[in-house]
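One structure is given below, encoded as structure tokens.
Counting starts at 1 for both ligands and their atoms, following the listed order.
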Amino acid sequence: MSEDAAFGPEAIEAARKAFAGPVSFLKSAPALDFIPDAIAPEVAFAGRSNVGKSSLLNALAGRNALARTSNTPGRTQELNFFDVGDPVAFRLVDMPGYGFAKAPKDVVKKWRFLVNDFLRGRDVLKRALVLIDARHGIKEVDREILDMLDKAAVSYRLVMTKIDKIKPTELAEVMAATAAEARKRPAAHPEILPTSSETGLGIPELRAAVIEAIG
Ligand SMILES: Nc1nc2c(ncn2[C@@H]2O[C@H](COP(=O)(O)OP(=O)(O)O)[C@@H](O)[C@H]2O)c(=O)[nH]1
Ligand SMILES: [Mg+2]
């Protein structure tokens, strides 16, 4: 994909080094009262439950069990903070998943308030990465968070997950359709990052996208 040329070898190498040091779980915040002091730039990860968010965080950090991967969708309804570097250079924020079936209305409501308040009030938040399953493309449930990001003017990038699960021709189609939607959204980066936590494809570029965001 020609878009990959956006990150040169120096940017890729600098990003590799930035993630080579310690990455550690800091804390879990079920409400804004519990979020840590804003002492480092942050990049947040959002996506539907089961999109592969925990797997991607583990792949980024090169750890197997940093963020708990689970086959039980929708269990994490908290903001989880991870420190990268010691002393901390920046933080990754694992946002609660959305869009799982049978979510009680009050859970959805709580998700909406927590995420919206965080996006609007966190001045150290540099960017969000919104994960989209390559097999499905952008779904209606994803559009709520995209709208929230556009309205809060938090810049974001769309990241395709699980690209190992589809054929290259299908990937090209879903990438094109997703990029077309991204171009219409004011806070979205026009380029889509294809990734697979399974094969490692796109992980160096995703690290570079994080470093670019905090830079
Ligand atoms: N084939 C494949 N499976 C993946 C990939 N990423 C995640 N998965 C699987 O998708 C399921 C959900 O992943 P998880 O990271 O827990 O998703 P989360 O709910 O978004 O945190 C798990 O069974 C993972 O093993 C990937 O890149 N390729
Ligand atoms: Mg998860």
Side-chain angles (χ1 to χ4, degrees), residues 1 4 19 23-30 35 42-84 91-104 107-108 110-112 114-115 118-119 127-146 148-149 156-175 178 192-210:
M1 264 143 279
D4 292 359
F19 279 92
V23 183
S24 58
F25 171 72
L26 174 65
K27 75 178 294 189
S28 203
I35 62 176
E42 293 172 352
V43 174
F45 291 74
R48 298 173 73 183
S49 301
N50 221 37
V51 72
K53 193 152 50 71
S54 297
S55 304
L56 201 64
L57 283 163
N58 287 335
L60 269 186
R63 311 293 194 279
N64 286 328
L66 182 69
R68 196 160 42 95
T69 60
S70 152
N71 290 316
T72 314
R75 281 179 55 198
T76 333
Q77 284 301 305
E78 285 131 28
L79 293 160
N80 291 295
F81 293 81
F82 298 90
D83 279 349
V84 184
R91 281 180 178 149
L92 306 177
V93 186
D94 185 4
M95 304 224 282
Y98 54 83
F100 48 94
K102 291 185 271 174
V107 172
V108 177
K110 185 180 168 248
W111 174 89
R112 194 169 287 140
L114 178 62
V115 170
F118 180 72
L119 295 179
R127 188 161 298 170
L129 296 168
V130 183
L131 279 41
I132 303 291
D133 191 317
R135 294 170 299 176
H136 309 307
I138 297 177
K139 291 288 199 185
E140 205 45 49
V141 284
D142 298 309
R143 294 196 173 98
E144 180 171 10
I145 185 116
L146 301 184
M148 278 158 85
L149 288 160
Y156 60 96
R157 254 187 196 264
L158 297 170
V159 176
M160 287 285 156
T161 62
K162 310 189 189 183
I163 64 166
D164 60 286
K165 290 213 174 194
I166 61 170
K167 297 194 195 95
T169 49
E170 293 169 326
L171 178 62
E173 274 171 38
V174 74
M175 290 277 286
T178 309
I192 315 303
L193 290 168
T195 66
S196 167
S197 304
E198 195 77 17
T199 66
L201 263 172
I203 302 301
E205 289 78 11
L206 184 62
R207 288 191 189 116
V210 170

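If you number the atoms of ligand 1 from 1 as listed, the ones under 4.0 Å from a heavy atom of Ser196 come out as 27 (O). Close contacts of ligand 1 with Ser55, meaning ligand atoms under 4.0 Å from a residue heavy atom, involve 6 (N), 7 (C), 13 (O), 14 (P), 15 (O), 24 (C). Proximity to Gly52 (heavy-atom distance under 4.0 Å) selects the following atoms of ligand 1: 7 (C), 13 (O), 14 (P), 15 (O), 17 (O), 18 (P), 20 (O).
Remark: Arg207 engages no residue in a salt bridge (Lys or Arg N to Asp or Glu O under 4.0 Å) (not counting sequence neighbours). Residues passing the ring pair (Phe, Tyr, Trp, His ring centres under 6.0 Å) test with Tyr98 are Trp111, sequence neighbours excluded.
Without hydrogens or angle criteria, Thr195 side chain to Met160 main chain gives a donor-acceptor distance under 3.5 Å. Side chain of Lys53 to backbone of Met95: a donor-acceptor contact under 3.5 angstrom is found.
Checking only distances, Asp164 does come within under 3.5 Å of ligand 1, N or O to N or O. Where the criterion is an N or O separation shorter than 3.5 Å, residue side chain and backbone included, Ser49 fails it with respect to ligand 1.
In Lys165, the part holding a heavy atom less than 4.0 Å from any atom of ligand 1 is the side chain. Using a 4.0 Å cut-off between heavy atoms, Val51 contacts ligand 1 through both its backbone and its side chain.
Using a cut-off of 2.8 Å, one finds that Asn50 contributes no N/O/S atom close to the Mg ion (ligand 2).
More than 12 heavy atoms of other residues, nucleotides or ligands sit less than 6.0 Å from atom NZ of Lys27.
For the residue pair Thr161 and Asp133, no side-chain donor N or O sits within less than 3.5 Å of a side-chain acceptor on the partner.
Salt-bridge check for Arg112 with Glu144: passed, with a basic side-chain N closer than 4.0 Å to an acidic carboxylate O.
The shortest heavy-atom distance from Thr161 to ligand 1 is not under 4.0 Å.
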